[in-house]
Amino acid sequence: MKFLIILLLCCSYSWSKNFIPQSFSANFEESIVSMATGKVKKSYGKIEYKFPGHVRFEITSPTPSLFVSNPQMSWYYLPPFVEGEEGQVTIQKTSKLPLTKFFDSLKNGLEGSKLFTYELLKKSLNLKFKKEVQKEMTLKEVIFHSNSDPKNITKMNDFEKITLIYVDGRKVDLKFTGFKEDVSLPLTLFEFTPPAKTKVIKD
């Protein structure tokens, strides 16, 4: 499940638990730095989240893919490269995935988290995952970048960029646009029925 990211947060200081809305949708730009060449590969798509444990993450270009998760099941779908050929979907129980656990834990703020510690710098907020959870989360650190003092930020979408640093050294940057909070998202949005001619893999 190549580079499925997603993250948000709450904080003390002037930040409140309402920093992350109950639900949201946004477009995103994902930039992945190649560990081999140093070149940047960009992808574009849309993310939707509903508390608790509902995520839909769709890459629309240049290589389409779709990740859908609810508290029971998760689907990772790769459409066929050529119309009429076979696509592929990987289905697994959500309990095996760290993604929604991370999302939901941030809903209650940063203080006292069992997953990470945090540090406020001049223009960033750094989350550092505890060693005992790094393997499960596959993340070592998440950096929220700002053009101003992060202590003055009250909403998640006020951050300019988010950098994910994985345990294996990979770095992924995310930028959100068109952010909408507290949107109405039906539960059916977080379910997936594979199209005809789809290879099904159960993990």
Heavy-atom side-chain proximity of Phe190 to Lys50 below 4.5 angstrom: yes
Gap between atom NZ of Lys171 and atom CE of Met35 - 0.5 Å precision: 10.0 Å
Straight-line distance of Lys161 NZ to Lys175 NZ, nearest 0.5 Å: 6.0 Å
Backbone of Leu78 reached by a side-chain donor or acceptor of Ser65 within 3.5 Å: no
Sub-4.5 Å side-chain heavy-atom contact between Lys140 and Phe129: no
Verify same cluster id: Phe116, Ile162 (apolar side-chain graph, 4.5 Å): yes
Closest contact, heavy atoms only, Val89 versus Pro194: CG1-CG, 3.9 Å
Backbone N/O of Asp149 and side chain of Ser146: donor-acceptor pair under 3.5 Å: no
Hydrophobic cluster membership, Met137 vs Ile143, 4.5 Å side-chain cutoff: no
Any Pro80 side-chain heavy atom under 4.5 Å of Glu86 side chain: no
Gap separating the CD atom of Glu85 from the NZ atom of Lys199, nearest 0.5 angstrom: 13.5 Å
Pairwise distance CD1(Ile165) to CZ(Arg170) - rounded to 0.5 angstrom: 12.0 Å
Beyond-backbone contact of Ser25 with Val183, side-chain heavy atoms, under 4.5 angstrom: yes
pair Phe24-Phe179: side-chain heavy atoms closer than 4.5 Å: yes
Pair Glu29 + Lys42, salt bridge at N-O below 4.0 Å: yes
Steps toward side-chain contact (heavy atoms from CB on, under 4.5 Å) verdict (Leu127, Glu141): CA-CA 6 Å; Leu127 305 186; Glu141 188 174 357; 5.9 Å; no
Atom NZ of Lys123: over 12 foreign heavy atoms under 6.0 Å: no
Beyond-backbone contact of Leu66 with Tyr76, side-chain heavy atoms, under 4.5 angstrom: no
Gap separating the CG atom of Asn126 from the CZ atom of Phe144, nearest 0.5 angstrom: 10.0 Å
Step-by-step side-chain contact (heavy atoms from CB on, under 4.5 Å) determination, Thr117 to Lys130: CA-CA 7 Å; Thr117 59; Lys130 296 180 180 180; 4.2 Å; yes
Thr90 vs Trp75 side-chain heavy atoms within contact, under 4.5 Å: no
Separation of Tyr44 OH from Ile59 CD1 (nearest 0.5 Å): 12.0 Å
Any donor-acceptor pair under 3.5 Å from Thr198 side chain to Pro195 backbone: yes
Single-linkage hydrophobic cluster, 4.5 Å side-chain cutoff, Leu174 and Val33 together: no
In one Ile/Leu/Val/Met/Phe/Trp/Tyr side-chain cluster, 4.5 Å: Met73, Val200: yes
hydrophobic_cluster_shared for Val172 and Val40, side chain cutoff 4.5 Å: no
Closest contact, heavy atoms only, Pro62 versus Pro64: O-CD, 3.6 Å
Donor-acceptor pair between Asp173 and Thr163 side chains, under 3.5 angstrom: yes
Between His54 and Ser69, a side-chain donor and acceptor under 3.5 Å: no
Stepwise side-chain contact (heavy atoms from CB on, under 4.5 Å) test for Thr193 and Glu191: CA-CA 7 Å; Thr193 301; Glu191 298 175 354; over 6 Å; no
Phe57 side chain reached by Val68 side chain, heavy atoms, under 4.5 Å: no
Donor-acceptor under 3.5 Å (Ser23 side chain, Tyr49 main chain): no
